[in-house]
Amino acid sequence: MPFTPVTPADIAPGTTRFVEVEGAAFLVARDVDGCVHVLDGLCSHALFPLEGARIRRGSIICPHHGARFDLATGAAKGPPAHCGIAHYAARERDGMIEVDIAA
């Protein structure tokens with residue numbers, strides 16, 4: 001798998017970071033247990049960036065209209081979104097979070 005570094009791994013548990021890499025938007029999140037997740041950076045409801053999204057009870061909450069997505073899968077969990085967002089394979093290596101953006 002061709003993993004690409006997308007951001008430093010200094011993301012605190014329970015927080016998110018919006019990044020753009022090679023013209024694509026990603027939301028990098030670290031859950032409360034410290035696991036890293038990388039999801040599509042645009043909300044499927046209105047295609048607004050998920051910059052500023054919050055983590056709540058295993059979900060990503062869109063800062064614009066409150067759509068909810070499963071942190072571990074990207075599945076839509078609440079309106080106004082009815083379609084999920086992509087969830088990418090990710091890993092930590094040498095102080096960076098890397099994502100398989102070719103998947």
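One-based numbering along the sequence shown.
Contacts of D40 classified as side chain to side chain contact (heavy atoms under 4.5 Å, CB included), with partners at least two apart in sequence or in another chain: L42, I85, A86. Contacts of S44 classified as side chain to side chain donor-acceptor pair (under 3.5 Å), with partners at least two apart in sequence or in another chain: none.
Within the structure, salt bridge (Lys or Arg N to Asp or Glu O under 4.0 Å) contacts touching residues 3-21 (residues at least two apart or in different chains) are D10-R17. Residue pairs that meet the salt bridge (Lys or Arg N to Asp or Glu O under 4.0 Å) test with at least one member in residues 67-88, sequence neighbours left out, are D70-K77.
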Show me the side-chain donor-acceptor pairs of residues 24-31 shorter than 3.5 Å, one per line, residues at least two apart or across chains.
from, atom 1, to, atom 2, distance (Å)
R30, NE, I11, O, 2.6
R30, NH1, G34, O, 2.9
R30, NH1, E92, OE2, 3.0
R30, NH2, A9, O, 3.0
R30, NH2, E92, OE1, 3.4
D31, OD1, D33, N, 2.9
D31, OD1, G34, N, 2.9
D31, OD1, C35, N, 2.9
D31, OD2, H37, NE2, 3.1

Identify every side-chain donor-acceptor pair in residues 51-65 under 3.5 Å, counting partners at least two apart or on other chains, and give the distances.
from, atom 1, to, atom 2, distance (Å)
H64, NE2, P49, O, 2.9
H65, ND1, H45, ND1, 3.3

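A 4.5 Å side-chain heavy-atom check between T7 and V21 finds every atom pair outside the cut-off. Put simply, the side chain of D100 reaches to within 4.5 Å of the side chain of P2, judged on heavy atoms.
Taking all atoms of both residues into account, the shortest heavy-atom contact from A81 to F69 is CB-CZ, 3.6 Å. Nearest heavy-atom pair across V38 and A90 is CG2-CB, 3.6 Å. The minimum heavy-atom distance between E22 and I101, with the atom names listed, is OE1-CD1, 3.4 Å.
Note that CZ of F18 and CG of L50 are 7.5 Å apart. Values are rounded to the nearest 0.5 Å.
Hydrophobic clustering of Ile, Leu, Val, Met, Phe, Trp and Tyr side chains at less than 4.5 Å, counting indirect connections, unites V6 with V36. Hydrophobic cluster membership differs between V19 and L39, with clusters built from Ile, Leu, Val, Met, Phe, Trp and Tyr side chains linked at under 4.5 angstrom.
For R93 and F3, the positive end is not near the middle of the six-membered ring at less than 6.0 Å and at most 45° from its axis.
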